[in-house]
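These notes concern the structure reproduced below.
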Amino acid sequence: MKPFFNVETKTLMFISLLVICLQGAVFVLIQQHTQGILLAVLLSLLTVLTLLAGSLVGLLCSLGIIFLVGSFLLFLSFSSTAALILPLPLLLVYGFVLLFAVLTAGKLQESIVNQGRLNRKLQEEINQLVAVDASTGFDNRNRLMLELELEMKRVQRYGGSFTLVLIQMEYYKDFQKLYGEEERLHLLSSIANKVRQAVRITDRKFRYSADRLALLLTQTDDTSIEVVYDKLAQSLKDHQLLNQKFVTLAFRTAYSVYGKQTELLDCEDFISQMESEMVAREL
């Protein structure tokens, strides 16, 4: 059975109680001239502080304010010539309203923070489940790490080798600023199609960052990688824009053949090592 007081209902309830409390208190206080207006402003500030910092900070500040006001009233009670600024019953009610507003705002802040954490957690889980980059149709970084780890384990257990190729498009951000979003999407789609034609169907393709691609070439070693490089260089160098004009693109690249005798590294270190080598070689 679905509970009546779900997260959304509770949040709306706290907001409603807070708004009603503040409206009623401010309406009464502003009729008490300057002193009442100051107390109304103080109530509003403490409520905002609680919404930003949480229940504990708001409650401590509220108790401090109540203590100061009470001390001031006690001082006035011993003065024969002074009169209370505001009626004592009103001040007592103000104290209860202040605590109620702070506690309600604290609950609202807690509910919003918890909901935000839940949303971020769900978003992270979705990002992990979604393996395909929408712009290229290639798998994303999460999938790259998973496939790379599995391929490393396979080589260590059964032998053989694989080659990982990294390709970085230079001036990617400049291209986007110069030609716009539509041309950027067209560029990624065009590069993806050319990469598919240059490698085997069984080779795995990844877009693991905005301007970087990775190719996992199974059963490929140094003897055949240059053939792949030549195909990629010929197809990727020139790009036709949507207005039918051509531009010349520049790429940096690196590759590493992983075999059973290769130094054992985790996926992150393996890729980082290769990325440091991309500076030295153009495609």
Side-chain angles (χ1 to χ4, degrees), residues 127-175 184 187-239 247-283:
N127 291 337
Q128 292 177 353
L129 292 174
V130 176
V132 178
D133 171 63
S135 301
T136 59
F138 292 172
D139 290 334
N140 61 14
R141 183 181 181 85
N142 293 331
R143 191 68 180 181
L144 169 62
M145 295 304 174
L146 176 61
E147 294 285 346
L148 188 57
E149 182 179 5
L150 292 175
E151 196 65 21
M152 286 178 170
K153 290 180 179 179
R154 185 194 64 79
V155 169
Q156 291 299 325
R157 176 172 295 184
Y158 302 110
S161 64
F162 70 86
T163 301
L164 182 67
V165 180
L166 302 184
I167 303 172
Q168 175 180 323
M169 177 184 171
E170 296 201 276
Y171 315 114
Y172 174 76
K173 293 183 179 179
D174 295 332
F175 181 93
R184 183 190 71 85
L187 170 68
L188 293 174
S189 177
S190 175
I191 289 176
N193 290 331
K194 291 176 180 178
V195 169
R196 289 190 186 94
Q197 295 172 6
V199 299
R200 298 168 301 184
I201 297 177
T202 55
D203 295 327
R204 278 158 277 184
K205 310 145 192 88
F206 308 89
R207 184 188 180 203
Y208 74 100
S209 70
D211 58 348
R212 292 180 178 179
L213 303 176
L215 304 176
L216 185 58
L217 312 179
T218 56
Q219 302 300 329
T220 305
D221 52 26
D222 291 298
T223 59
S224 53
I225 188 62
E226 291 300 331
V227 176
V228 176
Y229 266 5
D230 289 340
K231 290 181 179 179
L232 290 172
Q234 292 175 10
S235 60
L236 295 180
K237 182 178 179 181
D238 296 320
H239 170 66
V247 294
T248 301
L249 303 177
F251 295 88
R252 293 283 175 182
T253 185
Y255 79 91
S256 180
V257 179
Y258 188 91
K260 196 167 186 178
Q261 305 303 320
T262 305
E263 178 187 359
L264 292 177
L265 296 170
D266 63 28
C267 299
E268 292 285 355
D269 291 337
F270 186 57
I271 290 179
S272 297
Q273 191 177 81
M274 291 182 60
E275 287 178 332
S276 64
E277 300 173 0
M278 281 200 293
V279 180
R281 175 162 183 169
E282 294 183 358
L283 183 64

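Under the ring-ring contact (aromatic ring centres under 6.0 Å, His included) criterion, the residue pairs touching residues 133-171 are Phe162-Tyr258, with sequence neighbours excluded. Listed by first and then second residue, the ring-ring contact (aromatic ring centres under 6.0 Å, His included) pairs involving residues 213-232 are Tyr229-Tyr255 (not counting sequence neighbours).
For Thr248, the side-chain contact (heavy atoms from CB on, under 4.5 Å) partners two or more places apart in sequence, or in a different chain, are Lys237, Asp238. Residues passing the salt bridge (charged side-chain N to carboxylate O under 4.0 Å, His left out) test with Glu170, sequence neighbours excluded: Arg252. With sequence neighbours left out, the salt bridge (charged side-chain N to carboxylate O under 4.0 Å, His left out) criterion links Arg184 to Glu181. Listed by chain and residue number, nothing satisfies the salt bridge (charged side-chain N to carboxylate O under 4.0 Å, His left out) test with Asp211 (two or more places apart in sequence, or in another chain).
In this structure, the side chain of Arg196 does not engage the main chain of Val199 through any donor-acceptor pair within 3.5 Å. In terms of modelled atom types and a separation under 3.5 Å, the side chain of Asp230 and the main chain of Val227 share no donor-acceptor contact.
Taking 4.5 Å as the limit, every side-chain heavy atom of Ser235 sits out of range of all side-chain heavy atoms of Gln197. Side-chain contact between Leu216 and Phe206 is present, with at least one heavy-atom pair separated by less than 4.5 Å. Thr253 places none of its side-chain heavy atoms less than 4.5 Å from the side chain of Glu282.
Across Ala214 and Leu164, no two heavy atoms sit closer than the pair CB-CD1, 4.3 Å. Across Val155 and Gly259, no two heavy atoms sit closer than the pair CG1-C, 3.5 Å. Between Leu144 and Ile271 the shortest heavy-atom distance is CD2-CD1, 3.7 Å.
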Would Leu187 and Phe175 satisfy side-chain contact (heavy atoms from CB on, under 4.5 Å), going step by step from the backbone distance to the final call? CA-CA 9 Å; Leu187 170 68; Phe175 181 93; 3.7 Å; yes
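Open room surrounds NZ on Lys231; 12 or fewer heavy atoms of other groups in view lie less than 6.0 Å from it.
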